[in-house]
Amino acid sequence: MRTNLRAARLDPAAAQALLAGIARSRRWIGELLAGSASIAALAEQAGLDQRHLRRLLPLACLSPHIVEAIANGTAPANLTLSALTSALPHDWASQEQRLLIG
């Protein structure tokens with residue numbers, strides 16, 4: 001795993017919130033791929049508008065190194081759900097460069 005070059009570490013409560021968001025997006029992607037739900041249905045169930053749900057879906061494809069850094073507390077302290085979803089690169093190396101190494 002790449003080393004986090006930033007000194008401050010992610011707060012455990014923030015890490016849990018990020019991991020919950022990632023888990024939800026993975027569940028949603030699974031339901032969409034299985035054909036058992038639509039964006040509209042998932043958004044309604046989650047109490048979100050469709051645009052917000054679509055913004056969260058790419059978290060399902062987050063680099064395993066980033067998920068691991070969040071889980072073990074080595075992710076940058078300033079990592080937020082907004083930072084994760086804001087123009088998230090598709091390839092893992094670019095994600096790691098932007099979010100972990102910066």
Side-chain angles (χ1 to χ4, degrees):
M1 183 169 143
R2 295 179 188 240
T3 313
N4 177 12
L5 299 179
R6 299 177 190 182
R9 303 284 173 110
L10 188 62
D11 175 79
Q16 286 303 312
L18 291 173
L19 292 171
I22 294 164
R24 278 192 347 174
S25 69
R26 288 180 176 178
R27 181 177 48 80
W28 293 333
I29 287 289
E31 291 180 36
L32 290 168
L33 291 173
S36 60
S38 66
I39 297 275
L42 291 173
E44 185 177 332
Q45 289 170 3
L48 303 171
D49 63 42
Q50 290 182 40
R51 182 177 179 184
H52 187 71
L53 187 125
R54 287 179 194 274
R55 187 166 183 219
L56 296 174
L57 285 175
L59 293 176
C61 302
L62 199 59
S63 159
H65 289 151
I66 295 171
V67 176
E68 182 180 358
I70 294 167
N72 69 22
T74 60
N78 63 350
L79 191 61
T80 63
L81 202 54
S82 292
L84 285 175
T85 59
S86 178
L88 188 65
H90 295 288
D91 68 287
W92 289 347
S94 295
Q95 291 176 10
E96 293 163 15
Q97 179 67 35
R98 187 174 133 224
L99 296 170
L100 294 180
I101 298 171

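Because only heavy atoms are used, hydrogens play no part in the values below, and waters and symmetry mates are left out as well, while side chains stay in.
Surrounding CD of E44 are at most 12 heavy atoms belonging to other residues, nucleotides or ligands under 6.0 Å away.
Here the closest heavy-atom approach between residue S82 and residue R55 is recorded as O-NH2, 3.9 Å. The two atoms that bring H65 and L100 nearest to each other are O-CD1, 4.1 Å, heavy atoms only.
Here the side chains of L84 and L56 are not in contact, with every heavy-atom distance at 4.5 Å or above. Counting heavy atoms from C-beta outward, N78 and L10 have side chains that stay 4.5 Å or more apart. Side-chain contact check for T80 versus L18: every heavy-atom pair is 4.5 Å or farther apart. For the pair D49/H52, a side-chain contact is recorded, criterion being any heavy-atom separation below 4.5 Å from C-beta on. Residues S86 and R98 meet the side-chain proximity criterion, which asks for heavy atoms closer than 4.5 Å. Proximity of S63 to E68: side-chain heavy atoms (C-beta onward) are nowhere separated by under 4.5 Å.
Here Q45 contributes atom CD and S38 contributes atom OG; the two are 8.5 Å apart, rounded to the nearest 0.5 Å. The CG atom of L99 lies 4.5 Å from the CD1 atom of I66; values are rounded to the nearest 0.5 Å. For the atom pair CG of L48 and CZ of R24, the computed distance is 5.5 Å after rounding to the nearest 0.5 Å. Here the CD1 atom belonging to I39 is positioned 14.0 Å from the CZ atom belonging to R51, to the nearest 0.5 angstrom. Remark: R27 CZ to L42 CG distance equals 7.0 Å, nearest 0.5 Å. Separating the CZ atom in R54 from the OG1 atom in T85 is a distance of 15.0 Å, to the nearest 0.5 Å.
Under a 3.5 Å cut-off, the side chain of W92 and the backbone N or O of C61 do form a donor-acceptor pair. Not one N or O on the side chain of E31 forms a donor-acceptor pair closer than 3.5 Å with the backbone of S36. Under the 3.5 Å distance criterion, the side-chain polar atoms of S25 are matched with a main-chain donor or acceptor of I22.
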